[in-house]
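Everything below concerns the one structure shown next.
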Amino acid sequence: MSFLLTARQPCYNRPCPPEKRMFKEELNPVETIILRTLKSLKIEWDAEIVWSSTPFSGEWGFGTAIGFQAAAKDAAAKDSGVKNIPQRAQEIAQALVKAIGAPAGFVSVEAVRGYINLSIDPQVYARRVVDTILADGENFARGDAKTEKVMVEYSAPNTHKAFHVGHLRNVILGGAMANIFEFAGYETVRANYWGDIGWHVIKWLWCYLRFHKDEEPQGDRTRWMQEIYSQATQLVEDQPEMEEEARKLYKRWDARDPELIALWERTRSWSIEGIMQIYEVLGEHFDVFFFESEVEEPGKKLVEELITRNIAVDDRPNGGTVAIKLDELLGLDKETFRVLVVLRSDGSSLYATKDLHLAIKKFDEWNIDRSIYVIDVRQSLYMKQIFKTLEIMGFKQSLNCFHLAYEIVNLPGDVTMSSREGTVVMFDDLLQEAVKRARDIVQQKNPGLSEDLKAKVALSVALGGLKYPLLAVDTNKVATFDWESALNFEGQASPYIQYAHVRANSILARAGDIPAPVSPAYTLEAAEITLLDRLSRLPETVQRAAQDYKPLHLANYVYDLAREFTNFYQRCPVLRADENMRNFRLRLTAAARQTLKNSLALLGIQAPDVM
RNA sequence: GCACCCGUAGCUCAAAGGAUAGAGCGACUGACUUCGAAUCAGUAGGUUGGGGGUUCGAGUCCCUCCGGGUGCGCCA
């Protein structure tokens, strides 16, 4: 049987996509020789050849462990008599090296303990890397256009509630993921799905009518909405008669009482406006908004269809629910998918009612090929149930649905943030504090800047400071929010990367124009080679991040790049160097600046010119 | 009970089944008359939770145990 979540697992073990390898012209002929030689050695080989960079500082080259893999195959073959695989690997590597000879573009070809190492000529390739980056500019590392169209659903906020830092991880992750898909060459649709109806909204409306009638939101709308929501929750939880009273409002809702609907529309728009402001600050935009309220009725119709088709069981006559007994339908003895309730006993809709319809609507109306859901890990079983149900319904594209799960953000002591319980840190509070701190540091480091510029820099540093740590940790790690570390911008953090960009910019500003293309006529320093090697890798990193659904790859990449650029400018004088060296290093600096900027942009982080 | 996730330096985390497991923070020692010190150089810190297995090769894959987190019929 097929588990859907394995159908769309990221494909690991895929090296750099050939289309984006900056040295394919040189490596391809070598690969041809290797394959031909292996054939003549009677060793079967049909996989890709994986090249990784050689791990020796100051050298620039590619290595492959193919000798080991070939030796292992050789040993597995009957009658080969091969016992000592490392020894055989070295023999094969030597044979391959002999066959490869002295190919164009490489300065050395060696067999080392079973590995084959090719060193490229840095003087030649240094120029290629730099020229490519400067010619491509902000499109450097953009992938070739793919035929696949991808939708990324993320954020999915509830109206009438807080937007807290627990929600931040979702937006930042989803936004970065969408950026990456788009840049990798996929046509990308950013979708947001608003929870604008349900018990939380009914409670809110009840509380408003009862205690806040005719009030208008004061100041921070989202906060004001949250305060009423907290009050409503508390009242309903503490006093059963209050809950009863609030629930009565459902009747008016179901009857589409015009007055109530009008109030809902007005209050809902307050919430939406407030949250849209947050998106604007974060630099997020969406191509399409779905609303729970608009998919509720079609969802119910879909459930009727499921009942008719004997997929869902209608137990309402006995006071039960409408449910899909997945394990039973699939004939599974072991509990796997369990039961998905798709309609309440009173006939009202649930999350699943709407999600089933919406899943199909996405493909039908947007003509997408893949549908990605950025939703926290606690909904993994639920997502599996939805996708499986779609599959049972015969909706083949269910195989192209993928749940991008991420762990939640807790408060210290494993306290889960909950707007219901009011245990939240509001995004706005965090941002304001972060901006304040960043502003203080700018003031201290660069008092000469205009006030306007200081404010701009502080905002981009603060936002980067908040975003980067959420992207630089793998999605399956639980995050703990505490003020101290959230506002600590030292070390492996966004300001360090932004600062590297600023320094590059500063050198270039002093130099004036970027010189014309030039090859280095001197022996490159190790720091330069390391930097060039890293620069050449952004294209493959973008592809890998998209393939693995991991902005983390880029977060790691851009930090490494920043560190290597910093190392370069500390060791290698640029402006004071002789003409050829100065010109090449200026171009290298410009290439680093561009690549830092492009990489940060994919993470949704701005690269300031000064700070 | 059935599943999923986590466990790597004192702390927070990296690490394409591949070459010597790397960063940051914290600690200690140094570097601003030098392209900007939000920086850099150096020192210390590890039997990758324990035990089996697969493999030429395991932090990475499989099994098992321990410790922590999460989910599992009318919440979203």
Side-chain angles (χ1 to χ4, degrees), chain A residues 12-16 50 52 54-56 63-65 67-69 71-72 75 82 84-89 112-115 117 156 158 195 198-200 292 315 320-325 334-346 348 350-352 355 375-382 384-385 405 407-408 410 414 416 420 438 441-442 444-446 461 469 472-474 476-478 480 485 488-493 495-496 498-500 502-504 506-511 544 548 552-553 555-556 559-560 563 566-567 569-577 585 589 610-611:
Chain A
Y12 292 103
N13 210 3
R14 284 285 170 109
C16 165
V50 179
S52 54
T54 47
F56 312 115
T64 177
F68 287 100
Q69 291 146 353
V82 174
N84 185 334
I85 289 187
Q87 191 188 337
R88 179 68 181 143
V112 183
R113 286 152 53 209
Y115 294 87
N117 292 330
N158 284 321
W199 176 221
H200 78 277
E292 281 191 43
D315 203 28
T321 61
V322 180
I324 302 173
K325 298 181 177 174
K334 195 169 168 182
E335 43 184 308
T336 307
F337 295 101
R338 299 165 186 273
V339 175
L340 179 66
V341 177
V342 290
L343 218 52
R344 286 200 187 90
S345 51
D346 65 1
S348 61
L350 289 158
Y351 221 48
D355 252 330
I375 304 180
D376 84 61
V377 69
R378 293 171 300 183
Q379 297 196 40
S380 293
L381 173 60
Y382 171 73
K384 266 165 81 173
Q385 292 175 321
E407 269 291 357
I408 56 171
N410 280 337
D414 264 342
T416 303
R420 199 164 40 79
I441 300 172
V442 179
Q444 186 190 322
K445 303 284 181 188
N446 217 338
V461 169
V473 181
D474 213 344
N476 52 17
K477 290 277 200 312
V478 178
T480 302
S485 53
N488 183 359
F489 297 155
E490 285 173 2
Q492 180 174 357
Y496 177 88
Q498 290 170 316
Y499 183 67
V502 164
R503 293 298 301 271
S506 173
I507 292 171
L508 292 163
R510 283 173 180 275
R544 195 157 72 92
D548 296 352
L552 170 65
H553 292 324
N556 285 339
Y559 175 69
D560 287 340
R563 212 151 38 95
T566 302
N567 190 38
Y569 81 67
Q570 297 272 350
R571 286 162 191 271
C572 305
V574 178
L575 297 174
R576 284 177 280 120
R585 285 182 174 169
T589 302
V610 290
M611 63 188 271

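Proteins come first, then strands; the chains are lettered A, B, ... in the order of their sequence lines, and each starts at number 1.
- Under the side chain to side chain contact (heavy atoms under 4.5 Å, CB included) rule, A:Leu343 has a single partner from A:Val322, A:Leu350, A:Asp315, A:Thr321, which is A:Val322.
- In this structure, A:Tyr499 reaches the B:A38 phosphate: one of its side-chain N or O atoms is under 4.0 Å from OP1 or OP2.
- Position along RNA chain B of the nearest nucleotide to A:Ala438 versus A:Gly198 favours A:Ala438 as the more 5'-ward residue.
- For A:Met611 against A:Val502, the heavy-atom pair with the smallest separation is CG-CG2, 3.5 Å.
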Return the polar atom pairs (N/O with N/O) between nucleotides 72-74 of chain B and the protein under 3.5 Å, or none.
from  : atom 1 : to       : atom 2 : distance (Å)
B:C72 : O2'    : A:Arg338 : NE     : 3.4
B:C72 : O2'    : A:Arg338 : NH1    : 3.1
B:C72 : O2     : A:Arg338 : NH1    : 3.1
B:C72 : O2     : A:Arg338 : NH2    : 3.0
B:C74 : O2'    : A:Arg344 : NE     : 3.1
B:C74 : O2     : A:Ser345 : N      : 3.0
B:C74 : O2     : A:Ser345 : OG     : 3.2
B:C74 : N3     : A:Ser345 : OG     : 3.4

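- With B:A15, B:A76, B:G36 as the candidates, the nucleotide lying closest to the side chain of A:Asn556 is B:A15.
- No engagement by A:Asp560 is indicated, since no non-hydrogen atom pair under 4.0 Å with the nucleic acid exists.
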All N/O pairs under 3.5 Å across the protein-nucleotides 33-35 of chain B interface:
from  : atom 1 : to       : atom 2 : distance (Å)
B:C35 : O3'    : A:Arg510 : NE     : 3.3
B:C35 : O2     : A:Val574 : N      : 3.4
B:C35 : O2     : A:Leu575 : N      : 3.0
B:C35 : N3     : A:Val574 : N      : 3.0
B:C35 : N4     : A:Tyr569 : O      : 2.2
B:C35 : N4     : A:Cys572 : O      : 2.6

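- Taking the side chain of A:Arg544 as heavy atoms from C-beta on, and the options B:A76, B:A16, B:A19, the nearest nucleotide is B:A16.
- Applying the 3.5 Å distance criterion, the base of B:G69 shares no donor-acceptor pair with the side chain of A:Glu407.
- One interatomic measurement links the two molecules: CD of A:Gln69 to P of B:G17, which rounds to 12 Å at whole-angstrom precision.
- Rounded to a whole Å, the CG atom of A:Asp548 is 14 Å from the P atom of B:A14.
- Counting any heavy atom pair closer than 4.0 Å across all strands shown, A:Gln498 reaches no nucleic acid atom.
- Within the 4.0 Å cut-off from OP1 or OP2 of B:A38, at least one side-chain nitrogen or oxygen of A:Lys445 is found.
- Closest approach to the A:Arg113 side chain among B:U20, B:U39, B:G18 is made by B:U20 (side chain taken as heavy atoms from C-beta onward).
- Put simply, the side chain of A:Asp355 reaches to within 4.5 Å of the side chain of A:Tyr382, judged on heavy atoms.
- With RNA chain B read from its 5' end, the first of the two nearest nucleotides for A:Lys477 and A:Ile408 is the one closest to A:Lys477.
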A correct dot-bracket answer for RNA chain B, with pairs being Watson-Crick or G-U at under 3.5 Å, [ ] for crossing pairs and | for inter-strand pairs, is (((((((..((((....[...)))).(((((.......))))).....(((((..]....))))))))))))....
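- Residue-level contact check: A:Val442 touches the bases, meaning some heavy atom is under 4.0 Å from a base atom.
- With sequence neighbours excluded, no residue forms a ring pair (Phe, Tyr, Trp, His ring centres under 6.0 Å) with A:Tyr499.
- A:Ala555 approaches A:Ala472 most closely through the heavy-atom pair CB-CA, 3.8 Å.
- Base orientation at B:G49 is anti, since its O4'-C1' glycosidic dihedral falls outside 90° of 0.
- Residue A:Val502 is in base contact, counting any heavy-atom pair closer than 4.0 Å across all strands shown.
- In this structure, A:Gln444 places its CD atom 9 Å from P of B:A38, rounding to the nearest Å.
- For the pair A:Asn410 CG and B:U12 C1', the computed distance is 16 Å after rounding to whole Å.
- Nucleotides B:G52 and B:G71, compared at atom P, are 35 Å apart to the nearest Å.
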Protein N or O to nucleotides 23-29 of chain B N or O, pairs below 3.5 Å:
from  : atom 1 : to       : atom 2 : distance (Å)
B:A23 : O2'    : A:Tyr559 : OH     : 3.2
B:G24 : O2'    : A:Gln492 : N      : 3.3

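- Comment: A:Arg344 does not engage A:Asp346 in a salt bridge, judged by the lack of any side-chain N to carboxylate O separation of less than 4.0 angstrom.
- Base orientation of B:C62: anti, since the glycosidic angle falls outside 90° of 0.
- Atoms CD (A:Glu292) and P (B:C75) sit 14 Å apart, rounded to a whole Å.
- Between A:Asn476 atom CG and B:G59 atom P the separation is 19 Å, expressed in whole Å.
- Checking B:G7, B:A19, B:A38 against every side-chain atom of A:Asn117, the shortest atom distance belongs to B:A19.
- Residue contacts shown for A:Ala72 include a base, since a base heavy atom lies under 4.0 Å away.
- Atom-to-atom, NZ of A:Lys384 to P of B:C2 comes out at 15 Å; the value is rounded to the nearest Å.
- Between A:Tyr496 atom OH and B:U39 atom C1' there is a gap of 8 Å when expressed in whole angstrom units.
- In this structure A:Tyr115 satisfies the ring pair (Phe, Tyr, Trp, His ring centres under 6.0 Å) test together with A:Phe68, sequence neighbours excluded.
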